[in-house]
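Here is the structure we will look at.
All residue numbers in this chain count up from 1 along the given sequence. All values reported here derive from a predicted model rather than from experimental measurement.
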Amino acid sequence: METQLLMASVKANSLAAQLLRTGQVVAIPTETVYGLAADATNPAAVQRIFEAKGRPQDNPLIVHIAGQEMLAQVVAAWPPAAKRLADAFWPGPLTLVLPRAGGIAPAVGAGLATVGVRMPAHPVALDIIARAGVPLAAPSANRSGRPSPTTAAHVLQDMAGRIPLVVDGGNSPVGVESTVVSLAGKPTVLRPGFVTPAELSEALGQEVALAPSVQGPAEESGPVESPGVKYRHYAPKAKLTLVEGPLPAFAAFVAVKSTETPGVYAMCFTGEEKTLAVPAVPYGAEDDPKTQAAGLFAALRQLDEAGAQQVYARMPAGGGVGLAVRNRLLRAAQFRVESET
Ligand code: AMP
Ligand code: MG
């Protein structure tokens, strides 16, 4: 299959909508990362997402809507907490997990009775959903296990030949996937993102809980609340290790490592490259987690292209959006952390 790449336009968005209505899979820009979209009400279309991504069948998909009038097609309940959070954060990078409506293809929920739903804050995504006229299931548009794509070029790296169309809407400004909150029971953050736990608690007027998987590795056995969390995720081809400690200790550490093994690279904060004795790719400013979120996945892909074999990354502080940055980096590193003080 030949993959077309088109800049977002009335013509491109209409073509995307037409392909989506006929059950095809199309990559679309969103404010978080690029999504691999298909009609969430069409089981065959949803199956094509799993095939294109190489995604395990027990990892559920998020459904994207263009307006709250589409909710009735997606969810079987809309409790007051959902209304509060939707009013506060939609359109935006927040996914709500609720009981699933009957018209949504069961594979979207990957065996769960629930569905994750959000309204993205990206004009191109909203336009394509509205033109398609159906809710769109759309996981990140990477091959399963790879870093999420934040540009159309990243999507092509993973999806060329596998899908008919990529719509280019520029860089995804947020850079990490949506915050996922379950409202199936007590409000619980299943995956951290741009919307922080403090912001959620404030909007709800009640504390939100953090699922254990937000901070640590998912349980090896037994049920997990958010199936996606148990897989190797966001990972570059290189072996990634996070290094905790101040810059001078990090610089000394990577200098020693580079004498021991070939292909050692650093993933650092902006401006630190010149103080390091190994090739380095910056991923954001040390004191600005939003820039870290925006640069994280592009940096991981750049390291692969450079041929890095061992990557040592500066550990982000982890406050606010930094919680999501830390969560993604820990998973990309399969929880390998070294402490250098
Ligand atoms: P992605 O679309 O690649 O950003 O991944 C979607 C993630 O959202 C999944 O891996 C889950 O962690 C989460 N998710 C989606 N739907 C549900 C659901 N019904 N219940 C729990 N978690 C969900
Ligand atoms: Mg993903």
Side-chain angles (χ1 to χ4, degrees), residues 3-4 6 8-10 12-53 55 59-76 86 90-98 100-110 112 114-142 144 148-149 152 155 158-159 162-169 172 174 177-178 180 193 228:
T3 303
Q4 266 198 87
L6 295 176
S9 66
V10 169
N13 299 5
S14 304
L15 174 61
Q18 186 193 327
L19 288 165
L20 289 162
R21 277 196 306 270
T22 57
Q24 300 303 308
V25 171
V26 174
I28 64 170
T30 85
E31 82 280 29
T32 56
V33 302
Y34 274 68
L36 200 59
D39 178 353
T41 67
N42 178 340
V46 168
Q47 198 47 45
R48 289 195 182 99
I49 294 179
F50 284 94
E51 281 159 20
K53 271 188 76 86
R55 186 173 181 112
N59 192 353
L61 310 178
I62 292 169
V63 175
H64 294 68
I65 58 173
Q68 293 206 17
E69 68 284 351
M70 271 187 174
L71 275 172
Q73 284 175 267
V74 182
V75 299
W90 283 2
L94 176 66
T95 296
L96 302 177
V97 173
L98 290 159
R100 191 171 73 246
I104 295 295
V108 167
L112 302 167
T114 52
V115 65
V117 63
R118 84 175 186 104
M119 191 191 307
H122 194 292
V124 176
L126 291 171
D127 186 53
I128 291 172
I129 302 165
R131 285 173 190 275
V134 285
L136 299 180
S140 51
N142 52 290
S144 196
S148 296
V155 177
D158 284 18
M159 290 296 155
R162 308 184 73 87
I163 59 173
L165 176 63
V166 178
V167 178
D168 187 345
S172 293
V174 168
E177 303 83 351
S178 59
V180 179

Taking all non-hydrogen atoms of both residues into account, name the closest pair between A125 and P29 and its distance.
CB-O, 3.3 Å
Of all heavy-atom pairs linking L36 and A52, the shortest is CD2-CB, 4.0 Å
Between V25 and F50, is any pair of side-chain heavy atoms under 4.5 Å apart?
no
Side chain proximity check, P91 to H122, heavy atoms < 4.5 angstrom
no
Smallest heavy-atom separation, P139 atom then L61 atom, equals CG-CD2, 3.7 Å
Which side chain to side chain donor-acceptor pair (under 3.5 Å) pairs, counting each pair once, include a residue from residues 17-26, with sequence neighbours left out?
none
Residues that A101 engages under side chain to side chain contact (heavy atoms under 4.5 Å, CB included), provided they are two or more places apart:
none
Derivation and outcome, side chain to side chain donor-acceptor pair (under 3.5 Å), residues S178 and T95
CA-CA 6 Å; S178 59; T95 296; 2.8 Å; yes
Taking side chain to side chain contact (heavy atoms under 4.5 Å, CB included) as the definition, give me every residue that meets it alongside A37, ordered by chain and number, with sequence neighbours left out.
L20, I28, L136, A138
My understanding is that only residues two or more places apart in sequence, or in another chain, count here; which of them pass side-chain hydrogen bond (donor to acceptor under 3.5 Å, both in side chains) with D127?
N13, R131
Can you pull the salt bridge (Lys or Arg N to Asp or Glu O under 4.0 Å) pairs that have at least one residue in residues 24-45, sequence neighbours excluded?
E31-R118
Considering all heavy atoms of both residues, which atom of K53 and which atom of N142 are nearest to each other, and what is their separation?
NZ-O, 3.2 Å
For L126, which residues count as a side chain to side chain contact (heavy atoms under 4.5 Å, CB included) partner, sequence neighbours excluded?
A66, M119, P120
Closest contact, heavy atoms only, D158 versus R162
O-CD, 3.6 Å
Hits for side-chain hydrogen bond (donor to acceptor under 3.5 Å, both in side chains) against S172, two or more places apart or cross-chain, chain-then-number order -> none
Check whether any side-chain heavy atom of I62 lies under 4.5 Å from a side-chain heavy atom of E177, and answer yes or no.
no
